[in-house]
Trainee: 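Got a structure for you, questions after.
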Amino acid sequence: MKKGITKRSEDFSRWYTDVIMKARLADYSPVKGCMVIRPNGYALWEKMQSYLDIMFKETGHENAYFPLLIPESFLEKEAEHVEGFAPECAVVTHGGGKKLEEPLVIRPTSETIVWAMFKKWIMSYRDLPLLINQWCNVLRWEMRTRLFLRTTEFLWQEGHTAHATAEEAEEETLQMLNVYQTFAQEYAAIPVIPGRKSEREKFAGALHTYTIEALMQDGKALQAGTSHNLGQNFARAFDVTFQDKNGEQQLVYATSWGMSTRMIGALIMTHGDDQGLVLPPKMAPLSVVFIPIFKGKEGHGEILEFIDQIAASLDRDITYRVDAREEYTPGWKFNEWERAGVPIRVEVGPRDLQRGEVVVVRRDTREKVNLAKDKVKEKIRELLDEIQTSLFQRALRFRQENTMRVDDYQTFREVVAEQGGFLHAHWCGDPECEDQVKQDTMATIRCIPIESEDEDGVCVRCGKPSGERIYFGKAY
RNA sequence: CGGGACGUAGCGCAGUCUGGUCAGCGCACCUGCCUUGGGAGCAGGGGGCCGGCGGUUCAAAUCCGCCCGUCCCGACCA
């Protein structure tokens with residue numbers, strides 16, 4: 001294996017794959033377009049799951065599981081939905097050595113089978129709201145794949161809810177968008193812009209789609225989570241009605257929302273550096289690694305004992321590991337654990353032992369401090385918080401520095417071509433302008449921000465009036 | 001599906017133009033010694049259908065044809 005990691009400035013996408021391979025997050029599988037998520041990568045997914053699952057349950061949702069296989073006819077019931085997803089579906093045509101009567105689609109998303117079931121479960125307004133989430137894998141036959149960001153099969157969670165009124169559905173959609181924003185910012189330390197997708201970019205079958213958009217270090221945008229208000233589209237397609245308080249039959253209102261293993265890609269590309277992965281402490285499966293430094297044959301035991309004492313004094317929730325392998329030198333281990341993104345490293349050698357000290361090194365800045373033994377517990381707690389905050393601040397600063405207010409098309413094109421980032425510009429709302437911009441620059445509308453100031457301006461492309469600025473950018 | 005690069009040991013590659021002297025290097029791995037404060041050193045060792053099939057030739061990793069696969073850059077997308 002190549003020793004180093006390609007520098008970000010040299011080739012960002014190589015850097016990205018290098019980091020994943022060196023940190024052993026994932027590997028290419030024998031199946032084209034599919035990856036194997038290795039223990040280090042899966043641990044990140046488990047962290048994500050644990051935080052999100054709690055938030056889903058706090059907001060009243062329950063987990064369930066629906067089949068992987070969906071009858072082809074289900075998909076066809078919602079016109080926009082089938083148009084959007086059919087081209088990227090894998091279809092099972094044979095089973096048990098026989099051709100199937102009806103082909104089964106491997107779920108690209110589960111709205112159709114969920115709503116086929118919701119029809120059975122929803123009779124009355126008393127059955128509403130129905131708040132379901134499922135953790136699962138889905139399959140989308142993408143043309144080009146990229147580890148974590150776009151693979152043929154990926155892991156995600158998909159929430160599916162049913163409501164009695166349009167207002168409730170909209171409220172739910174926004175509530176879950178907010179959950180995603182909280183997760184992204186407070187746990188993953190990734191600043192995001194919540195907003196609405198344009199008609200062109202919305203989910204196939206939705207009334208409208210909300211998104212959180214993040215900016216990666218190479219100036220490209222990444223959609224990090226989506227929440228859809230499906231209106232009555234799926235209720236209509238699957239004939240899901242309920243009897244209201246007045247005894248009348250009404251169509252149900254729906255939402256769906258999802259966040260995937262793609263978030264791990266966002267984590268890598270937001271915080272990583274030329275040494276490898278940098279993990280926000282709240283996402284790091286391992287918070288602290290202790291590295292003993294041995295001198296000569298004697299005294300190994302004393303050093304390890306010293307480390308054990310310190311480790312035992314740490315707060316329970318802090319995960320640590322002592323890397324006492326003798327076959328590797330300290331320098332080798334430093335590199336190894338930095339590559340893996342472990343937030344804090346503690347070095348303990350004979351010199352430290354003598355003084356009753358340790359060397360504490362933070363991963364994000366690689367800053368070292370000498371510290372008395374009895375100060376370690378407190379310092380580690382403090383550092384973990386500080387790293388968490390400072391990673392977010394650093395990413396936020398990066399985004400601010402790479403968000404340009406642009407008012408003329410010439411500049412717009414130059415900025416997209418030369419520096420990337422978010423372009424904060426006016427748009428008239430016409431899909432034709434959106435298409436033209438995409439054609440000219442490859443930039444798309446990332447979102448129409450939820451929080452925006454009213455400002456009179458003119459569309460950056462066509463000059464027609466616009467009342468607010470929206471975000472454009474080149475996306476993954 | 002268009003454009004590019006590539007397929008030789010677990011990984012990264014050289015060798016291909018100019019056929020033979022070609023099964024090679026670095027890392028990783030194994031054994032031993034020695035070492036440990038930013039990827040240590042020495043010695044020894046194991047490991048190969050040179051992507052597949054076919055052709056040319058006395059002779060093919062090398063030339064020709066077809067196929068398969070992968071990665072990167074676009075169109076599609078969480």
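Note on naming: letters A, B, ... go to the chains in the order of the sequence lines (proteins, then strands), and numbering restarts at 1 for each one.
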Trainee: Starting from P on B:A78, measure out to CD on A:Glu111 and report it in whole angstrom.
Mentor: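 Interatomic distance, CD of A:Glu111 to P of B:A78: 12 Å.
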Trainee: Applying a 4.0 Å non-hydrogen cut-off, can you work out what A:Val138 is touching in the nucleic acid: base, sugar-phosphate, or nothing?
Mentor: nothing
Trainee: Taking atom C1' in both B:G47 and B:C25, what distance in whole Å separates the two?
Mentor: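 Taking atom C1' in both B:G47 and B:C25, they lie 15 Å apart.
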Trainee: Looking only at heavy atoms, what is the nearest atom pair of A:Val289 and A:Val342, with distance?
Mentor: N-CG1, 3.9 Å
Trainee: Which nucleotide wins on minimum distance to the side chain of A:Met442, given the candidates B:A40, B:A75, B:G38?
Mentor: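 The listed nucleotide nearest to A:Met442's side chain is B:A75.
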Trainee: Could you please name the partner base of B:G46, counting Watson-Crick and G-U wobble pairs only when both distances are under 3.5 Å?
Mentor: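 B:G46 is unpaired by these criteria.
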Trainee: State which of B:A78, B:U36, B:C72 makes the closest approach to the side chain of A:Phe154.
Mentor: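 The answer is B:A78, which lies nearest to the side chain.
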Trainee: Applying a 3.5 Å limit to both distances, which nucleotide forms a Watson-Crick or G-U wobble pair with B:A78?
Mentor: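 The base-pairing partner of B:A78, which may sit in any strand shown, does not exist here.
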Trainee: Which is true for A:Asp11 with a 4.0 Å heavy-atom rule: it touches a base, it touches only sugar-phosphate, or it touches nothing?
Mentor: nothing
Trainee: Sticking with atom P, work out how far B:C29 lies from B:G74, rounded to a whole angstrom.
Mentor: 37 Å
Trainee: B:C71, OP1 or OP2 - any side-chain N/O from A:Thr17 closer than 4.0 Å?
Mentor: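 False: A:Thr17 side-chain N/O out of range (4.0 Å or more) of B:C71 OP1/OP2.
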Trainee: Hey, does A:Lys474 have a side-chain heavy atom less than 4.5 Å from the side chain of A:Val416?
Mentor: yes
Trainee: May I ask you to verify whether the side chain of A:Lys368 and the base of B:G38 hold a donor-acceptor pair under 3.5 Å?
Mentor: yes
Trainee: Rounding to a whole Å, what distance do you find between A:Tyr328:OH and B:G37:P?
Mentor: 16 Å
Trainee: Give one of base, sugar-phosphate or nothing for A:Met263, where a contact means two heavy atoms less than 4.0 Å apart.
Mentor: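 If one applies the 4.0 Å heavy-atom cut-off, A:Met263 turns out to touch nothing in the nucleic acid.
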Trainee: Is A:Ile291 touching bases, backbone alone, or none of the nucleic acid, heavy atoms closer than 4.0 Å?
Mentor: nothing
Trainee: Looking at the side chain of A:Trp332, which of B:C34, B:G39, B:C76 is the nearest nucleotide?
Mentor: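 Nucleotide nearest to A:Trp332's side chain: B:G39.
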Trainee: Grab the CD-P distance between A:Glu357 and B:G37 for me, whole Å please.
Mentor: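 After rounding, the reported distance stands at 19 Å.
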Trainee: Name the nucleic acid region contacted by A:Thr151, choosing base, sugar-phosphate or nothing; use a 4.0 angstrom heavy-atom cut-off, strictly under.
Mentor: base
Trainee: If I pick the P atom on B:G10 and the same atom on B:C30, what distance separates them, to the nearest angstrom?
Mentor: 16 Å
Trainee: Does the side chain of A:Lys474 get closer than 4.0 angstrom to OP1 or OP2 of B:C73 through an N or O atom?
Mentor: no
Trainee: Would you say that A:Val359 contacts A:Asp352 through its side chain, given a criterion of any heavy-atom pair below 4.5 Å between the two side chains?
Mentor: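 Sidechains of A:Asp352 and A:Val359: in contact.
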Trainee: What interatomic distance, in whole Å, is found between C1' of B:G24 and the corresponding atom of B:U36?
Mentor: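 The answer is 33 Å between these two C1' atoms.
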Trainee: Between the base of B:C77 and the side chain of A:Arg150, is one N or O donor paired with an acceptor at under 3.5 angstrom?
Mentor: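 Yes, a donor-acceptor pair under 3.5 Å.
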Trainee: Please report the distance separating the P of B:A28 from the corresponding atom of B:A43, rounded so that it comes out in whole Å.
Mentor: 15 Å
Trainee: Taking only side-chain nitrogens and oxygens of A:Ser13, does any of them come within less than 4.0 Å of OP1 or OP2 of B:C72?
Mentor: no
Trainee: Looking at every strand, decide which applies to A:His228 at a 4.0 Å heavy-atom threshold: base, sugar-phosphate, or nothing.
Mentor: nothing
Trainee: Hey, are the side chains of A:Arg107 and A:Leu69 touching, using non-hydrogen atoms and a 4.5 Å cut-off?
Mentor: no
Trainee: Could you tell me how far B:U21 sits from B:U56 if I compare only their C1' atoms? Round to whole Å.
Mentor: 23 Å
Trainee: How long is the line joining CD1 of A:Ile37 and P of B:A78, in whole Å?
Mentor: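 Rounding to the nearest Å, CD1 of A:Ile37 and P of B:A78 are 18 Å apart.
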Trainee: Checking all strands, does A:Gly258 fall into the base, sugar-phosphate, or nothing category for heavy-atom contacts under 4.0 angstrom?
Mentor: nothing
Trainee: Taking only the side-chain heavy atoms of A:Arg146 (C-beta and beyond), determine which of B:U36, B:C72, B:G39 contains the nearest atom.
Mentor: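 Given the options B:U36, B:C72, B:G39, the side chain of A:Arg146 is closest to B:C72.
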Trainee: Does A:Thr112 reach the side chain of A:Phe66, with side-chain heavy atoms less than 4.5 Å apart?
Mentor: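 In short, these two side chains do not touch, never coming nearer than 4.5 Å.
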Trainee: Counting side-chain heavy atoms from C-beta on, which of B:G38, B:G39, B:G37 comes nearest to A:Lys295?
Mentor: B:G37
Trainee: Kindly state whether the ring of A:Phe412 and the ring of A:Phe472 have centres lying under 6.0 angstrom apart.
Mentor: yes
Trainee: Which base sits across from B:C66 as a Watson-Crick or G-U pair, both distances under 3.5 Å?
Mentor: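 B:G52 - that is the nucleotide pairing with B:C66, both distances being under 3.5 Å.
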Trainee: From the options A:Leu130, A:Thr173, A:Leu131, select the one residue that forms a side-chain contact (heavy atoms from CB on, under 4.5 Å) with A:Thr161.
Mentor: A:Leu131
Trainee: Could you tell me the separation between the CD atom of A:Glu142 and the C1' atom of B:C71, rounded to a whole number of Å?
Mentor: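 The answer, rounded to whole Å, is 18 Å.
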Trainee: Rounding to a whole Å, what distance do you find between A:Arg325:CZ and B:A28:C1'?
Mentor: 14 Å
Trainee: Is the shortest side-chain heavy-atom distance between A:Leu177 and A:Ile450 below 4.5 Å?
Mentor: yes
Trainee: From C-beta outward on A:Thr329, which listed nucleotide comes closest to its side chain: B:G38, B:A40, B:U36?
Mentor: B:A40
Trainee: Quick check: on RNA chain B, is the nucleotide nearest A:Lys438 upstream (toward 5') of the one nearest A:Asn335, or the reverse? Name the residue that is more 5'.
Mentor: A:Asn335
Trainee: Indicate yes or no: does A:Asp435 engage A:Arg200 in a salt bridge with an N to O separation below 4.0 Å.
Mentor: yes
Trainee: Measure CZ/A:Arg446 against C1'/B:C77 and give the value in whole Å, please.
Mentor: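 That distance rounds to 10 Å.
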Trainee: Which part of the nucleic acid does A:Pro350 contact within heavy-atom distance under 4.0 Å: base, sugar-phosphate only, or nothing?
Mentor: base
Trainee: At 4.0 Å (heavy atoms only), tell me whether A:Gln223 reaches a base, stays on the sugar-phosphate, or touches nothing.
Mentor: sugar-phosphate
Trainee: Just the rounded figure in Å: distance from P of B:C71 to OH of A:Tyr28.
Mentor: 6 Å
Trainee: Quantified in whole Å, what is the C1' atom distance between nucleotide B:G48 and nucleotide B:G7?
Mentor: 15 Å
Trainee: Identify, between A:Trp156 and A:Pro330, the residue whose nearest nucleotide on RNA chain B lies closer to the 5' end.
Mentor: A:Pro330
Trainee: Distance between the P atoms of B:C63 and B:U16, in whole angstroms?
Mentor: 9 Å
